[in-house]
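To find a chain, count down the sequence lines: A is the first, B the second, and so on, and within it residues start at 1.
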Amino acid sequence: MITKCIYPDTYTIPYVLKSCAQSHALEEGQQIHAHSIKFGLSSNVYVLNTLMRFYAVCGFTHYVKKLFDGSPERDLVSWTTLIQAFVKTGFAKEAIQAYLDMCRANLRPDKMTLVVVLSACSRIGDLSLGTRIHENICYIHDIYSDVFVGNALVDMYMKCGDTDSARQLFDKMPVKNVVSWNSLISGLVQQGQFKEALHVFHDMQRIGLRPDCVTLVAVLNACSNLGKLELGKWVHAYIDKNQIKADGFVGNALVDMYAKCGSVEQAFGVFQGMQCKDVFSYTAMIVGFAMNGEAERALDIFAEMPMVGIKPDEVTFVGVLSACSHAGMVEEGWRHFEDMSRVYNLEPQTEHYGCMVDLLGRAGLISEVEVFIANMPIEPDAFVWGALLGACSIHGKVELGEAVMKKLVAIEPVRDGAYILMSNIYSSANRWKDALKLRKAMKERKMKKTPGCSLIEINGVVHEFRKGDKSHPRNEELRKVLGEMAICLQNHGHFPTSNFIT
DNA sequence: ATAGGGTTAG
């Protein structure tokens, strides 16, 4: 219909291309492109820019660059579109290079350019360029007070890990919108500052700003990590009340939250209610089942994936293999590990090798593990050696443990967990002197054992238990119950491995 | 008259 337009001009072509870009109509856009060449309009800068934009949204970044390079005339929009095309397809370095080239060509960036190049800084963690841009625009009131630029700056500082600068800037912003708050909250969650993220969320509610989907996903993520089931449930109720669809990002975040907070049935309920599930939904549910000791159900829904046409990825397999590992399903684990490359064309990564070492090691197949590691096509890292050390600890393999420890020490920095495991191996073999020597070495290196920690929420209060911590208000009672449980276990023939130094 | 922007998962 559009291509029947016989005499296109420099107004109609950009207009039509814009709608092609919006609907990702590749063939139609290419026809328009051919028309613009045929009618000698392709050198017009508006036509160029919309063509670049069209190919950018279709993912043909190399072609965007080719059009740009081949054009006799380029303006600020052409440069911005090029930079944007690079950022959107993950070429942040090239985006920043293009920006520097643009500055060298004596073009001054405007708000749009700055937002795009700042997002490139975020992706790549280029704090120095981001800060330089911030300093340069500090005194240009028109730009500095722009909410888009401000949001991009907050996001840049957050993603570069400079939370203080992000917070300072956020507090100074003359105009804020929901995206400003989201940038701060999501950024804090990504930096692992979950409690701070929830504080900011409460501030946001205090001023009466309504959260949107992005806010809720970030808050749910914080709940998952803090074990805040009650707040998570509140978010769920909020979603229902406001008729927000529990699909996509929101649904997946809900599944993850319930699973990580131990409410695996609730997680499954949300999962089942989702209209369009994707690989994220399935992976969250598989990992959720695996974490909650439901290996069978994890594998059941994994088996469902090919039937609904969703291809598992590397992360899905981490969930599948860890499910097998926890349930001691050696055969099944092997099969899935082999299917990764054979069926799904996925290259197993160090996490997957680690899971396999864990699986075989727990089952006591120590010589198999050694062969497995020797045949690894990639260099085994701390993840793999750590899994083997764990197996040595379970099965009391002192010599092998020592050898593994040497490997771990060679990969700096050694985490405290490795020292603890090795020290436990020595203790099990009654080699107390060696165990103590290791403890001393840890002390000299100023390492402290990260205390084991578990979180549980009862009636809206999160109870945090750390090893050796006696600060819980009902500590005495808790110890008494634990003691009773230990006696009960012993009566049934289970003895705690109390020869471990902790 | 026509063109370019920021935040969200497993």
Side-chain angles (χ1 to χ4, degrees), chain A residues 8-19 21 41 44-54 56-57 64 74-85 87-88 109-122 143 146-156 158-159 166 173 176-190 211-222 224 247-257 259-260 267 271 277-291 310 312-320:
Chain A
D9 59 19
T10 60
Y11 298 111
T12 52
I13 290 216
Y15 179 79
V16 179
L17 271 173
K18 190 178 174 179
S19 70
L41 303 167
N44 176 280
V45 73
Y46 284 103
V47 173
L48 168 76
N49 292 340
T50 42
L51 272 172
M52 283 175 66
R53 169 84 182 148
F54 164 73
V57 303
V64 177
R74 308 148 188 169
D75 63 7
L76 193 58
V77 177
S78 325
W79 282 98
T80 309
T81 308
L82 177 69
I83 297 168
Q84 165 82 311
V87 179
K88 279 268 153 82
D110 67 0
K111 292 175 199 171
M112 301 275 200
T113 321
L114 288 170
V115 167
V116 173
V117 74
L118 281 169
S119 76
C121 294
S122 296
I143 292 177
D146 183 73
V147 70
F148 278 84
V149 175
N151 293 346
L153 276 170
V154 169
D155 176 60
M156 183 277 297
M158 268 303 181
K159 296 257 168 72
M173 276 170 71
K176 292 193 255 283
N177 59 17
V178 68
V179 179
S180 325
W181 288 87
N182 291 346
S183 301
L184 192 61
I185 296 170
S186 306
L188 286 167
V189 169
Q190 272 162 14
D212 68 0
C213 289
V214 179
T215 328
L216 299 173
V217 168
V219 170
L220 285 170
N221 204 333
S224 305
D247 255 310
F249 277 95
V250 175
N252 295 342
L254 271 175
V255 171
D256 181 58
M257 182 278 295
K260 294 238 169 83
F271 175 80
K277 303 184 187 81
D278 59 10
V279 63
F280 288 92
S281 335
Y282 272 89
T283 305
M285 200 59 243
I286 290 169
V287 171
F289 275 138
M291 262 178 16
I310 297 170
D313 69 5
E314 285 90 347
V315 188
T316 319
F317 274 100
V318 173
V320 170

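You cannot call A:Tyr11 stacked on the base of B:dT2; the centres under 5.5 Å and planes under 30° rule is not satisfied. With centres under 5.5 Å and a plane angle under 30° as the test, the ring of A:Tyr46 is not stacked against the base of B:dA3.
With distances taken from any side-chain atom of A:Val279 to the nucleotides B:dA9, B:dG5, B:dG10, the minimum falls on B:dG10. For A:Thr113, counting side-chain heavy atoms from C-beta on, the closest listed nucleotide (B:dG5, B:dG4, B:dT8) is B:dG4. Taking every side-chain heavy atom of A:Asn252 into account, B:dA9 is the closest of B:dG5, B:dG10, B:dA9. With B:dG5, B:dA3, B:dT7 as the candidates, the nucleotide lying closest to the side chain of A:Ser119 is B:dT7. Between B:dA9, B:dG5, B:dG4, one nucleotide has an atom nearer to the side chain of A:Asp146 than all others, and that is B:dG5. The side chain of A:Asp75 sits closest to B:dA3 out of B:dG4, B:dT7, B:dA3. Checking B:dA3, B:dT8, B:dG5 against the side-chain heavy atoms of A:Val77 singles out B:dA3 as nearest. Of the candidate nucleotides B:dT8, B:dG5, B:dG10, B:dG10 has the atom lying nearest to any side-chain atom of A:Asn221.
Dashed line: the shortest gap from a side-chain N or O of A:Lys18 to OP1 or OP2 of B:dA3 is under 4.0 Å. For the pair A:Arg53 and B:dG5, the criterion of a side-chain N or O lying under 4.0 Å from OP1 or OP2 is met. Residue A:Lys159 has a polar side-chain atom (N or O) positioned under 4.0 Å from OP1 or OP2 of B:dT8. Neither OP1 nor OP2 of B:dT2 sits under 4.0 Å from any side-chain N or O of A:Asn49. Note on A:Gln190: a side-chain N or O is less than 4.0 Å away from OP1 or OP2 of B:dA9.
For A:Thr283 (side chain) and A:Phe280 (main-chain N/O), no donor-acceptor pair under 3.5 Å exists by modelled atom type.
Qualifying ring pair (Phe, Tyr, Trp, His ring centres under 6.0 Å) partners for A:Phe317, counting only residues two or more places apart in sequence or in other chains: A:Phe302, A:Tyr344.
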